[in-house]
Amino acid sequence: MSDWLAYGIGAVLTLPLPFLIIFYFFARKWSKHKWKAIHRTAGFTAPVFVLAVHVLLVVLFDRSFFPFILIFLLLLLGLSIITQYKLKEEVRLFRAVRGFWRVSFLLFGLFYIGLSTFGLIFRLFFS
């Protein structure tokens, strides 16, 4: 049973884009609203992309960048809180975390695509 769990987690971290699409279709069927499904998908797959970027960095550079990723995420959360304070004059923590989570989904999704492209080009031409 634990082997299936490990293989499942490995498949999700190795191929997060098909997981994203599958989760979106399930969220779309469940919520019946397109934007709610998009927001749920972004909220649920953000940690998947964070871990997938970490795995790609380990594979490409043979070194762990997890502390740097955590520092980047904390800076991003701080920026989200500061931005909310500047715009609204008050901080609602749930709203700040939700905005942070969505921005981290977008950034780490782009990082994943960029690192995947870099890895493919590097392995094809320089190995």
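Source: prediction; values computed, not measured.
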Can you give me the closest heavy-atom contact between Phe100 and Leu73, atom names plus distance? CE1-O, 3.2 Å
Working to the nearest 0.5 angstrom, can you tell me the gap between Leu74 CG and Leu79 CG? 12.5 Å
Phe66 and Phe61: same hydrophobic cluster, using ILVMFWY side-chain contacts below 4.5 Å? no
Please tell me whether Leu106 and Val97 are part of a single hydrophobic cluster in this structure, the criterion being side-chain heavy atoms less than 4.5 Å apart. yes
Rounded to the nearest 0.5 Å, the OG1 atom of Thr83 sits from the NZ atom of Lys86 at a distance of 9.5 Å
Could you pull out every donor-acceptor pair under 3.5 Å between side chains of residues 7-19 and any protein atom, sequence neighbours left out?
residue, atom, partner, partner atom, Å
Thr14, OG1, Gly10, O, 2.6

Tell me, do Phe108 and Ile69 make a side-chain contact under 4.5 Å, heavy atoms counted? yes
Do Arg98 and Phe94 make a side-chain contact, defined as non-hydrogen atoms from C-beta onward lying under 4.5 Å apart? yes
Parallel, tilted or perpendicular: which describes the rings of Phe72 and Phe111, with under 30° parallel and over 60° perpendicular? tilted
Derivation and outcome, side chain to side chain contact (heavy atoms under 4.5 Å, CB included), residues Ile81 and Leu93: CA-CA 8 Å; Ile81 290 172; Leu93 193 58; 4.2 Å; yes
Could you tell me the separation between the CZ atom of Arg102 and the CG atom of Leu107, rounded to the nearest 0.5 Å? 14.5 Å
Go through it in stages, so that I can follow the logic: the residues are Arg95 and Lys88, the test is side chain to side chain contact (heavy atoms under 4.5 Å, CB included), and I'd like the CA-CA distance, side-chain angles, deciding distance and then a yes or no. CA-CA 11 Å; Arg95 187 178 182 133; Lys88 303 281 185 184; 4.2 Å; yes
Phe49 side, atom CZ; Leu110 side, atom CG - distance, nearest 0.5 Å: 9.5 Å
Shared ILVMFWY cluster between Val55 and Leu120, side chains joined below 4.5 angstrom? no
Looking at Val53 and Tyr112, what are the two nearest heavy atoms and their distance? CG2-N, 3.7 Å
Are the side chains of Val48 and Leu20 in contact, using a 4.5 Å heavy-atom criterion? no
Determine, using the 4.5 Å side-chain heavy-atom cutoff (strictly less than), whether Val103 and Trp35 are members of one ILVMFWY cluster. no
Restricting to non-hydrogen atoms, name the atom on Gly119 and the atom on Leu60 that form the minimum distance, rounded to 0.1 Å. CA-CD2, 3.5 Å
Tell me the closest heavy-atom pair linking Val59 and Arg123, and the distance in Å. O-NH2, 3.4 Å
Among residues two or more places apart or on two chains, list those pairs meeting side-chain hydrogen bond (donor to acceptor under 3.5 Å, both in side chains) that have a residue in residues 56-76. none
Does Phe26 have its ring centroid less than 6.0 Å away from the ring centroid of Phe23? no
Under 3.5 Å, sequence neighbours excluded: what are the donor-acceptor pairs made by side chains of residues 40-47?
residue, atom, partner, partner atom, Å
Thr41, OG1, Ala37, O, 2.7
Thr45, OG1, Thr41, O, 2.6

Indicate, with yes or no, if Tyr24 and Ile21 share a hydrophobic cluster defined by side-chain heavy-atom contacts under 4.5 Å among Ile, Leu, Val, Met, Phe, Trp and Tyr. yes
